[in-house]
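Before any comments, here is the structure.
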Amino acid sequence: MSNEKPVRTRFAPSPTGYLHVGGARTALFNYLYARAKKGSFILRIEDTDQARSDKKSRDQMIESMIWLGLDWDEGPEKGGAFGPYSQSERLDIYKEYAQKLIDEKKAYLCFCSNEELEAKKKQREAMGLPPVYDGKCRSLEEDEIEKKRQETPNHVIRFKMSKEEIIVQDKVQGVVKFDSSLIGDFIIVKSDGFPSYNYAVVVDDNLMQINHVIRGVGHLSNTPRQIAIYRAFNWEEPVWAHVSEIVGSDHKKLSKRHGATAITSFREMGFPPESFLNYMSLLGWSPPDGVEFMTKEKIISQFDIERCNKSPSMFDVFDLSIADGVELSDLNHFELEKYLFAKSKLNWLSNNHIRSLSEERYLKDMMPFVKESGQVPEEEIDGERLKNILLSLRVYLDYLMQIEKYIGDFFNKFDITEDALSWLKKEHALKLTESFLNLVKDNSDWKEENIMPIIKEAGSICEVKGKDLFMTIRAASTGKTTGLELPVYLALLGKERVLKRLENSIDAIRP
RNA sequence: GUCCCCUUCGUCUAGUGGUUAGGACUCGGGAUUUUCAUUCCCGCAACAGGGGUUCGACUCCCCUAGGGGACGCCA
């Protein structure tokens with residue numbers, strides 16, 4: 001087996017909407033497999049549906065792929081030895097091969113009208129027969145074909161399906177048998193001259209030398225059709241791998257109803273791409289060592305299609321029960337955030353990824369969210385203080401957008417929460433706050449290591465210690481009962497800001 | 001309707017005839033952190049149901065239920 005061909009996989013989306021979780025996961029598995037086997041990963045755009053395909057979807061999909069880090073070796077724009085990589089630019093190729101099939105009597109022109117077909121289908125169904133094409137145009141004579149061509153402008157090309165049993169050997173599904181007589185002569189070229197999916201996919205995959213087809217199990221029942229075409233051309237079948245589908249929390253296949261499955265939504269909320277990639281890799285696959293937090297490189301090194309499972313996995317990072325009638329896919333990332341499960345595995349993974357990002361990368365990625373929050377004054381945007389604040393806050397974040405919950409506290413925002421107020425209502429609070437205020441005023445070197453002694457000194461002056469001391473000072477100077485380690489927090493806040501807040505708190509304490 | 005596929009803790013999953021059915025996220029409890037988060041420890045929690053086969057079934061077979069997919073001039 002030493003001279004095995006290099007692995008070539010592909011992702012072949014149709015540009016009829018944004019890239020969603022299901023598609024992205026398929027892309028990911030193809031990518032991972034290609035990379036794991038040191039092969040190539042190809043991107044092909046399947047835009048043969050003239051009515052539904054559009055450029056905007058195409059561009060958005062490509063953008064999402066790039067964001068996820070699923071870089072392809074050949075594809076549109078990028079090029080490669082087997083282009084073009086958009087089906088709409090390959091029309092001549094499909095025509096050529098279709099003609100070949102016709103010449104070899106493996107395909108034929110069909111002139112049946114939609115109405116006729118529809119009526120027949122109903123009839124067959126009523127009789128309990130499988131709703132397949134009856135083969136009316138299958139054995140038309142040459143002169144009849146010519147005559148019909150004159151009469152009817154539109155025709156399709158159908159593939160002559162044999163009646164044999166077709167066996168699909170699948171890396172994930174195992175051996176699956178299909179009875180071809182239940183399939184019938186399907187259309188390979190539509191009346192607009194465009195190829196149908198089952199035909200185009202085979203021509204392209206063969207010409208592009210794709211030797212591993214990894215896709216959702218929804219395509220399994222298409223596979224016998226495709227195998228039949230491979231055989232008609234005498235082409236070598238690829239290795240098939242039909243992985244489980246991803247479903248929503250209602251156990252139905254992921255669709256627009258489940259909303260917000262667009263990859264862009266997660267980018268907009270500030271999930272690092274590696275965390276989303278990590279999460280998706282765990283849907284239908286698991287690493288042999290069981291450690292789920294992984295870098296892309298680690299995933300690649302452990303990935304194998306054989307470890308993919310057949311049962312559907314649920315994508316449940318949104319709480320649909322509180323969404324009640326709300327169309328999540330209509331929401332912007334700002335509104336969408338409310339429906340996120342606070343404690344999903346995605347969040348956990350993402351928190352871990354954020355914490356292991358390099359400082360530069362973290363800071364750089366964070367800036368748009370800081371700006372968007374509108375809580376940081378212009379002059380501080382590039383400052384050292386902001387940088388230090390962001391770095392200390394890192395441990396709290398599951399996705400970068402969450403910074404807006406914390407960042408304001410370090411600038412002009414100052415509210416005293418109920419909890420904090422109850423500390424300030426304690427007997428010792430006023431005196432302690434005042435004496436702490438005085439000590440802070442006197443301080444001339446405001447930095448982290450000098451703050452603890454000041455807190456303790458205020459405590460000993462007022463004879464307060466332990467929790468009472470720390471929590472009161474925390475409440476008075478931050479307005480909250482939670483947050484960073486107190487000296488760190490106060491150092492980050494800066495002396496002037498602390499003084500001002502202490503004064504505000506004293507006002508709040510006084511009747 | 002016909003054909004194909006699926007069903008292990010709430011969720012993601014490990015598991016291929018003999019396991020106290022393992023891990024992760026969540027949840028509960030505890031320790032550390034004079035707060036929160038982090039970290040660590042402990043705990044709750046599952047083989048869809050029913051029949052077989054077998055000395056022995058989560059694992060193999062059949063049936064039922066539930067779910068998904070295909071049967072398109074959608075991909």
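Each chain gets a letter, A, B and so on, in the order the sequences are listed, and its residues count up from 1.
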Contact class for [X] (heavy atom, under 4.0 Å): base, sugar-phosphate, or nothing?
X: A:R307; result: sugar-phosphate
X: A:G218; result: sugar-phosphate
X: A:K121; result: sugar-phosphate
X: A:H242; result: nothing
X: A:K465; result: nothing
X: A:S313; result: sugar-phosphate
X: A:T48; result: sugar-phosphate
X: A:L283; result: sugar-phosphate
X: A:R355; result: sugar-phosphate
X: A:N222; result: base
X: A:T482; result: base
X: A:R158; result: nothing
X: A:K467; result: base
X: A:T16; result: nothing

Select one nucleotide: of [options], the one nearest the side-chain heavy atoms of [X].
X: A:L220; options: B:C6, B:C4, B:A24; answer: B:C4
X: A:Y197; options: B:U11, B:C5, B:A75; answer: B:A75
X: A:V217; options: B:A14, B:C5, B:U2; answer: B:C5
X: A:S311; options: B:C6, B:C3, B:C73; answer: B:C6
X: A:K343; options: B:A75, B:C71, B:C27; answer: B:C27
X: A:F470; options: B:U34, B:C6, B:C4; answer: B:U34
X: A:R52; options: B:A75, B:C25, B:U2; answer: B:A75
X: A:D49; options: B:A75, B:U11, B:G69; answer: B:A75

*Want to settle it: does A:V175 or A:K190 sit nearer the 5' end of RNA chain B, counting the closest nucleotide to each?*
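Its nearest nucleotide being more 5', the pick is A:V175.
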
*5' precedence on RNA chain B between A:N352 and A:E292 (nearest-nucleotide basis)*: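 Upstream on the strand: A:E292.
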
Any strand: nucleotide that pairs with [N] via Watson-Crick or wobble, under 3.5 Å:
N: B:G1; value: B:C71
N: B:A24; value: B:U11
N: B:U35; value: none
N: B:G66; value: B:C6
N: B:G18; value: B:C55

Rounded [atom1] spacing from [N] to [M] in Å:
N: B:G67; M: B:C60; atom1: P; result: 24 Å
N: B:A65; M: B:G49; atom1: C1'; result: 7 Å
N: B:G10; M: B:A48; atom1: P; result: 12 Å
N: B:C42; M: B:C5; atom1: C1'; result: 41 Å
N: B:G52; M: B:G43; atom1: P; result: 38 Å
N: B:U8; M: B:G68; atom1: P; result: 15 Å
N: B:A31; M: B:A21; atom1: C1'; result: 30 Å
N: B:C55; M: B:G50; atom1: C1'; result: 23 Å

*Base B:C73 paired with A:S191 side chain (donor-acceptor, <3.5 Å)*: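 Between B:C73 and A:S191, which were checked side chain against base, a qualifying N/O pair under 3.5 Å is present.
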
*Indicate, yes or no, whether a donor-acceptor pair under 3.5 Å links the base of B:C12 to the side chain of A:K345.*
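Indeed there is one.
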
*Answer yes if the side chains of A:Y197 and A:H219 hold a donor-acceptor pair under 3.5 Å, and no otherwise.*
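Result is yes, a qualifying pair exists.
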
*Going by distance alone, is a donor N or O of one side chain under 3.5 Å from an acceptor N or O of the other, for A:S313 and A:R25?*
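Not at all, the side chains of A:S313 and A:R25 share no donor-acceptor pair under 3.5 Å.
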
Parallel under 30°, tilted from 30 to 60°, perpendicular over 60°: which one fits the rings of [X] and [Y]?
X: A:F315; Y: A:F276; result: perpendicular
X: A:H155; Y: A:F111; result: tilted
X: A:F293; Y: A:W348; result: perpendicular
X: A:Y33; Y: A:F303; result: perpendicular

Does any N or O in the side chain of [X] come within less than 3.5 Å of the main-chain N or O of [Y], such that one atom is a donor and the other an acceptor?
X: A:S86; Y: A:E89; result: no
X: A:D304; Y: A:R307; result: no
X: A:K190; Y: A:T48; result: yes

*Might you confirm whether atom NZ of A:K171 has over 12 heavy atoms from other residues, nucleotides or ligands at distances under 6.0 Å?*
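Not more than 12 within 6.0 Å, no.
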
*Check the surroundings of atom CD in A:E449: do more than 12 heavy atoms from other residues, nucleotides or ligands lie under 6.0 Å from it?*
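It does: A:E449 CD has more than 12 such atoms within range.
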
In whole angstroms, how far is the [atom2] atom of [N] from the [atom1] atom of [X]?
X: A:N351; N: B:C36; atom1: CG; atom2: C1'; answer: 14 Å
X: A:I227; N: B:A70; atom1: CD1; atom2: C1'; answer: 14 Å
X: A:N309; N: B:G68; atom1: CG; atom2: C1'; answer: 14 Å
X: A:W348; N: B:C12; atom1: CH2; atom2: P; answer: 16 Å
X: A:K310; N: B:U16; atom1: NZ; atom2: P; answer: 16 Å
X: A:H219; N: B:C3; atom1: NE2; atom2: C1'; answer: 18 Å
X: A:D170; N: B:C5; atom1: CG; atom2: P; answer: 11 Å
X: A:M294; N: B:U13; atom1: CE; atom2: P; answer: 12 Å

*Report yes if at least one side-chain N or O of A:S344 is closer than 4.0 Å to OP1 or OP2 of B:C25; otherwise report no.*
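Answer no for this pair, as no side-chain N or O of A:S344 is under 4.0 Å from OP1 or OP2.
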
*Positions of residues 391-401 of chain A (non-hydrogen atom under 4.0 Å from RNA chain B), listed by number*: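 Only A:V395, A:Y396 qualify.
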
_So if I apply the ring-ring contact (aromatic ring centres under 6.0 Å, His included) rule between A:F159 and each of A:Y97, A:Y133, A:F186, which one comes out positive?_
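The passing option is A:F186.
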
